[in-house]
Structures are given as C-alpha cells and as structure tokens.
2 protein chains.
Amino acid sequence: MATKKKTGRPAKERLLDAAERLFAQRGYHGVSIRDITEAAGADVALVNYHFGNKRGLLTRVFERRAEILNRERLERLAAVRPGPDGRLDLEAVVNAFMEPLILRSGRGGRGWKSYFALIAQVNNSPELSVLMTRHFDPVVHKFIDVLTAALPGADLRDVYWGYHFLTGALTLTFAETGRLDKLSGRLCRSSDLDSVHTRFAPFMAAGFAALAARGAPVAPLAKARARRKAPAGAN
Amino acid sequence: MATKKKTGRPAKERLLDAAERLFAQRGYHGVSIRDITEAAGADVALVNYHFGNKRGLLTRVFERRAEILNRERLERLAAVRPGPDGRLDLEAVVNAFMEPLILRSGRGGRGWKSYFALIAQVNNSPELSVLMTRHFDPVVHKFIDVLTAALPGADLRDVYWGYHFLTGALTLTFAETGRLDKLSGRLCRSSDLDSVHTRFAPFMAAGFAALAARGAPVAPLAKARARRKAPAGAN
DNA sequence: AAATTCATTGAACGTTCGTTGAATATTAGC
DNA sequence: GCTAATATTCAACGAACGTTCAATGAATTT
C-alpha cells in the first residue's frame, strides 16, 4: 500500500477524472486501464466493475459533461431574441453555442479543459466520431435551426457546411494543443480566452453570411434559381 | 505462407501505405506493428529494420506527402497576383492553401484521403501535434505572410487566430469522418469536393475580413488606437 | 565468380494488455 | 445487529505488445 491514495471521493469518480485527463493527453488507445487506475489510486478491476469495459469508461466520461453542455446550450439558444429589425443576430447565435465552453475553460476548469481536448480528438477520429453524433447532434440540430432562422433565404446545405467548418475550428481551439502558441512565437496564447471570445463569433458569423450571400446574391426570394454551379474563388 | 502477398513493390513502400491507411482509421496507438506488417504482407521485424521503431514509421508516413503538399502550396502562394486595385484577393490566397488538398482528395487518391484523415488526428492531438509544427509550419508562415499582405492594417494576432480557425475547419473537413453526412441526413456529403471547393474560401475569407474590420474599423492608419478591448458579440 | 552490402525471414525476448472470478471490506436496509 | 447489496482487493489468465538477433535470401560491386 504505497501508491494508493484514497481520498474522500468515491473511486468511481476518481476513475472518471483520471480517465478524462489521460484520454485527453494521449488518446483512447494511448492509455491503458492500469494507467488510469494507478492515477486514480484504485484497483485495476474497478474499471470493468463500474463501467463494463474500457470502452464503457470512455462513453461515460464523454456523456458526463455532454449533458451539462447540452442543457446550457439549449437554454442560451432559446434566449436569443430578435433585434429591432426583427432578425436574429448571427453573432449572438454563435455565441450561444460557444460561450458555454468559454465559461468552463477558465482557471478552475481543469477537468473541463481535459474534456475539450478529448472532444477534439473524438471529433476528428473516424472510429470515435460516432460519440459526437450520439451525444451532441440532437442539440446541434437545434443550433442549425436557429442558424437557419438567422439566415433567411440561405440554402440549408450552406448552414450545414458552415456548421462543419465551425465545429472543426471550435474543437481545435478549445483543445489547446499549443500549436498556435508555437506557430506565432508566443504572440498568441491558446489559453487566452478573451482572444477567442472576441474573435470566434465575428469570424464565423461573417463566414455564414458570406455563404448565404453567395447562394442568394441579392434577395431571399431568388432561391430557386440558385441551383447552378457557383463560380469559385480563383484559378 | 498463406497470408503473405508479395507484390512487385518493395516491402518498405507497402509498409508505408498500410501504416498510412491503418493509422488514419484507428489512430497511432490503435494500430499495432503486427496489424501493419500483416496488411502489408511483410515480416514484423521489417518496421524496426527500415524505420527504427514504430514512431519512426509514423514520422516517415507523415513527412512523405507533406513534402509534396508544401511544394505545391508554395508554388501557388507565389503565383497569387494582385488584382486591378493592387490588392491580393483573400479567396485566392485561401485557395492557394486549400486547393492542393482538393486536387488530391479525388477518386484516385485513396492514399491521400487516408493521409488527410491522419493529419486531422495529429493536428488535434496534444502529443502528436508537434508533427504539424515540424512538417507544415514553415509553409504556414509563408501563408501567414501572404494573408497579412492581403489584409492591410490588420492586427497580426487576428491573422494567426484566423489561421487557427481555418486549419481546424480544413483538417476536419478533409478527414471525412462522416459526421456531417449523418448530421445532415445525407443532405451533405463529406466526399463531395465541389461542395467544399465552392464554400471553403468564401467562408474563411469573410472571416478574416471580419476580424480585420473589427480591429481597424475604418482606415488602415487607425491601427495604434485599436488596443482597447473589443466589444464582443452578445451577452 | 567471389565478396560485400542490403533486404527479408523466423523465432523468441520480456512486458504489458484487457478482462475475469473468487475473496474480502464497506455500506444500506430493516 | 443482522442481512443483503454494493464496493473494492488480490491474483491470475491468455493474448497481444514493441523490439531484438541470428540466419537466410537477393542484389550490387569488384
């Protein structure tokens, strides 16, 4: 009994926390059950007892915070109100989706930071991205709906593609891999939440608006004729 | 000698191809050397003979196509010419960076598709993203330079953050994990390169322009006074 | 054709892997 | 305080892991 450190919290929770941190650092296959149980100060057999198997542990880690995130995203999306012109503000819609992450990525949220780093890997993995579909897409559908309402006349496919670009940027940004820091010679810091907060929604809202404008160049009613091939940028 | 299938190509190349495909599907830690050598029809010892160890194989897989991509990206970036107003077209700059991927992601490029799926995982991994830094950032710096030239008066940090958003969207998009297909009920197809080609540059160019406009609202010369906190979107 | 280098094979190394079952400790219900 | 359910420990299983080495085959050089 040298390495065991049984705190007051139950072993089941310690396992979830340790798994979250280690999965985020080295990926699902890069961490063994023994790595996790050792870090949690628990016995190897407890993973299979509490979660069935290693994959069940990953699933539980994944859904634990997804429920919290989904609830708040829905609340914020429902709270987005039309402006004086009767239109929904695109940046406000994007922020309803993004700010719940900002709030939890601060100093106190070490567990949340690990969770976001894990999400980034899951989102970009062919074999694990089904977890994104299962645990997030119901709320994403709601997000798509509100985005569509904020983009009258836009082709629905533009909204889906725009969301796809957004989620790629979002998950990488909150993963905080440190690449931006190195690339910019420490001019930019992944951990600088203010920098993300002031830039993300303007960038994405402008992207969505550009797609909508491209599909229906002038008026929202000229939608049926926008079926031709788009002209593309250059070359 | 039942499972060995020695084609005309050398075992070293067969190993690279098999490793590329399997790493892309299941991740670096999710694939064993025996998985790779079996798929390549080669002996287990050949990985260590040709590449030193498993990590050396990953490095070689990664740099093999990076060199090709870097060369073409540099050529295209150098070929971007100012328009009649003397300014560089933002979409043209983005396309110089993105189109080399489009060209290789078509029907014939099965190996390239695997490679892009691998890049997405490496880019989002804390322990592997150093490979991105090492093999891509020299060319990314050139990309940043040209972007900055196309965004006169913009804060350099905006350009870096914009690139960060862009690379997150780009790597996820070309990973083709299938999540967009499921999310949209098959309305959008990850493999539809035309859909990517017509949307990516407009979306990103508008994002960059919005960041630049936010930092220097009117004229490029009003740069030194833009040090205050930005107003953010909503909430 | 002999010598030398390079590529491949087969077998084995010690270690770690995920998982299991029986035994023990702890908690909760009555 | 006894009982029953839950939680944790301990030891072990067979399989798979990355790596190594001596032996063999093939290709190149002299």
- Presence of N48(A) side-chain N/O under 4.0 Å of dT19(C) phosphate oxygens OP1/OP2: yes

- Message: Just the rounded figure in Å: distance from P of dT20(C) to CZ of R34(A).
- Response: 13 Å

- Could you list the residues that satisfy side chain to side chain contact (heavy atoms under 4.5 Å, CB included) with R134(B), not counting sequence neighbours? V130(B), L131(B)

- Rounded to whole Å, NZ of K12(B) lies from P of dA27(D) at a distance of 17 Å

- Item | Nearest-Å distance for atom pair CD/P, residues E13(A) and dT8(D) | 10 Å

- For the side chain of I33(A), starting at C-beta, report the closest nucleotide among dT19(C), dG18(D), dT8(D). dT19(C)

- Is any side-chain N or O of S32(B) closer than 4.0 Å to OP1 or OP2 of dC17(D)? yes

- Can you figure out which of dA7(D), dT8(C), dT19(C) approaches the side chain of K54(A) most closely? dT19(C)

- Message: Any base atoms under 4.0 Å from A11(B), or only sugar-phosphate, or nothing? Heavy atoms, all strands.
- Response: sugar-phosphate

- Message: Whether H29(B) contacts dC17(D) is assessed here as follows: a side-chain N or O lying under 4.0 Å from the phosphate OP1 or OP2. Is that the case?
- Response: no

- How close or far is atom P of dT19(C) from atom CG of D35(A), stated in whole angstroms? 14 Å

- Task: Carefully, step by step, assess D145(A) and T148(A) under the rule side chain to side chain donor-acceptor pair (under 3.5 Å).
- Result: CA-CA 5 Å; D145(A) 289 344; T148(A) 305; 5.4 Å; no

- Round to the nearest Å and state the distance from F51(B) atom CZ to dT20(D) atom P. 16 Å

- Checking dT9(D), dC6(C), dT19(C) against the side chain of Y49(B) (C-beta onward), the nearest is dC6(C)

- So, for Y163(A) and F208(A), is the gap between ring centers shorter than 6.0 Å? no

- When the distance from NE2 of H50(A) to C1' of dT9(D) is rounded to whole Å, what number comes out? 12 Å

- Given atom CG of L46(B) and atom C1' of dA22(D), what is their separation to the nearest angstrom? 15 Å

- The side chain to side chain contact (heavy atoms under 4.5 Å, CB included) partners of A117(A) (sequence neighbours excluded) come to A24(A)

- To the nearest angstrom, the CG-P distance between N53(A) and dC17(C) comes to 17 Å

- Going by distance alone, is a donor N or O of one side chain under 3.5 Å from an acceptor N or O of the other, for H197(B) and E99(B)? yes

